[in-house]
Structure formats: structure tokens, C-alpha cells
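Chain letters run A, B, ... following the sequence lines, proteins first, then strands; residues in each count from 1.
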There are 2 protein chains.
Amino acid sequence: MEGEVSQCRVEEALGIVVGKWKPVIILYLLHEGTKRFSELKRSMPGITQKMLTKQLRELEEEDIIQRVVYPQVPPKVEYSMTDYGRTLSPILEAMHEWGTHHVLHKQNMGIVEKQVK
Amino acid sequence: MEGEVSQCRVEEALGIVVGKWKPVIILYLLHEGTKRFSELKRSMPGITQKMLTKQLRELEEEDIIQRVVYPQVPPKVEYSMTDYGRTLSPILEAMHEWGTHHVLHKQNMGIVEKQVK
DNA sequence: TGGTGTAGTATCTAAAAAGATACTGTTAGG
DNA sequence: CCTAACAGTATCTTTTTAGATACTACACCA
């Protein structure tokens, strides 16, 4: 009742999307559809297999992505967004857009500082 | 050109909003307007002064919040959102709303699992 | 027979984020 | 003179996150 911040559900959404790789994975699957493990890995230079596996497992756990294993050798595993996962799209796109503006905003602030000095 | 994820600006927005306390601070200032340090601290039970100071400085650095010092004793320092900071509002609100649904979604998945077992 | 591609594990290490605790200076009030 | 309120700093430790590296099984191909 008295100015206390409670029941902040931002963390719920944030927890799913944060990390160096999760937003990249989600945006990639949103835009490119179904992809297999090796394709994901190739599209993210710098990520280790361990990291990729971990991120994918966590997203699967939260019902954001779907993992389909084909029982064949060499193995084939496909990943795609769930319908539920796709509901994250507006948030991700909004952040992407805001981020793009923010880069410019920081540049402008830099110029202003220099002029004032 | 070939399925590589580049120029992902989500991180820019994410970097500003992540952390255990930043979303709480931002939503509080968005909803309650100008607040002083002690009011912020009181509204966030569990945060240490060091943490609060650090988060506020980082948000100020990014031009999300404004810090006004009144030269008096005992000191008085007021924090409020900048116009620019307020542009984060739709993202935060969207995440809050999504998070609220997500809590329910997880509950439903839990029930389904139990029924299947 | 040896190498390649696939989708991973298993260990260990480094770096980043968060938390605990103690400390500062100033002034008003009792 | 002692204490509380305010808005912080300064150190130190713990926890979390990320990265490096090496390893697995199996089939196909030359």
C-alpha cells in the first residue's frame, strides 16, 4: 500500500531473454524457422558447444523452443520456436528497435559533451 | 547474407534493463515520479546501499535517470526518469505483462505434466 | 584403417555480478 | 556530549555466468 515495489514480473520475462546468446538464438529461430544444432552453432561464431547446449536446454525447459530428435546416425536434432515462444516476439523486436536508437542517442550525447567542453 | 545473426541490438536495451534491481528501480520511478535515495532504498527491501548506488550511477550514465543533489545537510538527492528514460516504458510494461502470463503458463504446464504421469 | 560429421558431456578456469560488513562527514535534536 | 538521519565509500567474500579444452558414440566414405 505504501510505495513498495512488489510483484514485479519483469524478471520473469527478463530471465528468459537475458544472457549473451539467448536473444540471438531466439531472434534467429524467429526469423529463420527450424534449424538444427550445427546450423545454430555455425550462425553464432564464438559460442561453445557447451554454451549452446545449455542455452537451448534452458529455453526448452521454459517452453520457448521445441527440440526434435531424429533417431539416426549421425544424429539430427532440430530446434524451432513454440507458439508460446513466439509471443516473445514483440518484446524482442521492441528491444531491438530501442537498442538501435540508443546507439544513436549515445553518439549524440558524446557530441554534446564535446561541444560544451 | 547467409543465415548469420549480426547487428543484434537487443543487447543494447537488455544491458540497461538487466540485473536484479534495475527493472525495479525503473518501474518505481516511472510510476512514482521523483524519489530520493532513502525512499528508493526503503522501497526495495534487501538491496544494499552499495548496490543501489551502483545501479543508479549506471542508469544515470546511460541517461535513463536524472540525479539532482541539493547542497544541504543532511544531504538530499533526488532521482527521476529522464524523457529519454521514459521511452523504455513500453518495453518494461510489455515484459511485466508477459511475465504475468508466463507465471500462469508454467502452472498450466505443471498440471499437464502431472496428468500425463 | 583412418578420417569426417553430428550432437552432444565432462572438467576446469576466468570473469562478472551480487552481497556482507564496516566506515565517512555533517548537523539537528535531546 | 551522544545519537540519529542522510547519502554515500571502501573492502572483502560468495555466487553466478561464461569460456577453454578435451572427450564420447556411431556410421559413412575413401
Using distance only, find each side-chain donor-acceptor pair of residues 48-61 of chain A under 3.5 Å and give its atom names and separation, not counting sequence neighbours.
unit_1	atom_1	unit_2	atom_2	d
A:T48	OG1	A:M51	N	3.2
A:T53	OG1	A:Q49	O	2.8
A:E58	OE1	A:K22	NZ	2.6

Name all residues meeting the side-chain hydrogen bond (donor to acceptor under 3.5 Å, both in side chains) criterion together with [X]; count only those two or more places apart in sequence or in a different chain, and write none if there are none.
{"X": "A:E97", "result": "none"}
{"X": "A:T87", "result": "B:W98"}
{"X": "A:H31", "result": "A:E93"}

Rounded to whole Å, please give me the gap between [atom1] in [X] and [atom2] in [N].
{"X": "A:F37", "N": "C:dA7", "atom1": "CZ", "atom2": "P", "result": "7 Å"}
{"X": "A:K22", "N": "D:dT16", "atom1": "NZ", "atom2": "C1'", "result": "12 Å"}
{"X": "B:L52", "N": "D:dA10", "atom1": "CG", "atom2": "P", "result": "17 Å"}
{"X": "A:I16", "N": "D:dT17", "atom1": "CD1", "atom2": "P", "result": "14 Å"}
{"X": "B:L56", "N": "D:dT9", "atom1": "CG", "atom2": "P", "result": "11 Å"}
{"X": "B:R42", "N": "D:dG8", "atom1": "CZ", "atom2": "P", "result": "14 Å"}
{"X": "A:E39", "N": "C:dA7", "atom1": "CD", "atom2": "P", "result": "8 Å"}
{"X": "B:L40", "N": "D:dA7", "atom1": "CG", "atom2": "P", "result": "9 Å"}

*Identify, with sequence neighbours excluded, every residue that meets side-chain contact (heavy atoms from CB on, under 4.5 Å) alongside B:V73.*
none
*Respond yes when some side-chain nitrogen or oxygen of A:R36 is under 4.0 Å from OP1 or OP2 of C:dA7, and no when none is.*
yes
*asked:* Across nucleotides 16-23 of chain C, 5' to 3', mark each nucleotide with B, S or - according to how protein heavy atoms within less than 4.0 Å reach it.
replied: --BBB---
_Which residues share a salt bridge (charged side-chain N to carboxylate O under 4.0 Å, His left out) with A:K20, sequence neighbours left out_ = none
Only distances under 3.5 Å count here; give the side-chain donor-acceptor pairs of residues 62-71 of chain A to other protein atoms, sequence neighbours excluded, each with its distance to 0.1 Å.
unit_1	atom_1	unit_2	atom_2	d
A:E62	OE1	B:H102	NE2	3.0
A:D63	OD2	B:H105	NE2	2.8
A:R67	NE	A:Y79	OH	3.3
A:Y70	OH	A:E78	OE1	3.0

_If we ignore hydrogens and angles and just use 3.5 Å, is the side chain of A:E32 paired with the main-chain N or O of A:L29 as donor and acceptor?_
no
*Of the residues in residues 57-80 of chain A, which ones touch DNA chain C at a heavy-atom distance under 4.0 Å?*
A:R57, A:R67, A:P74, A:P75, A:K76, A:V77, A:Y79
*How many angstroms lie between CG in B:L30 and CE in B:M81, if you round to the nearest 0.5 Å?*
4.0 Å
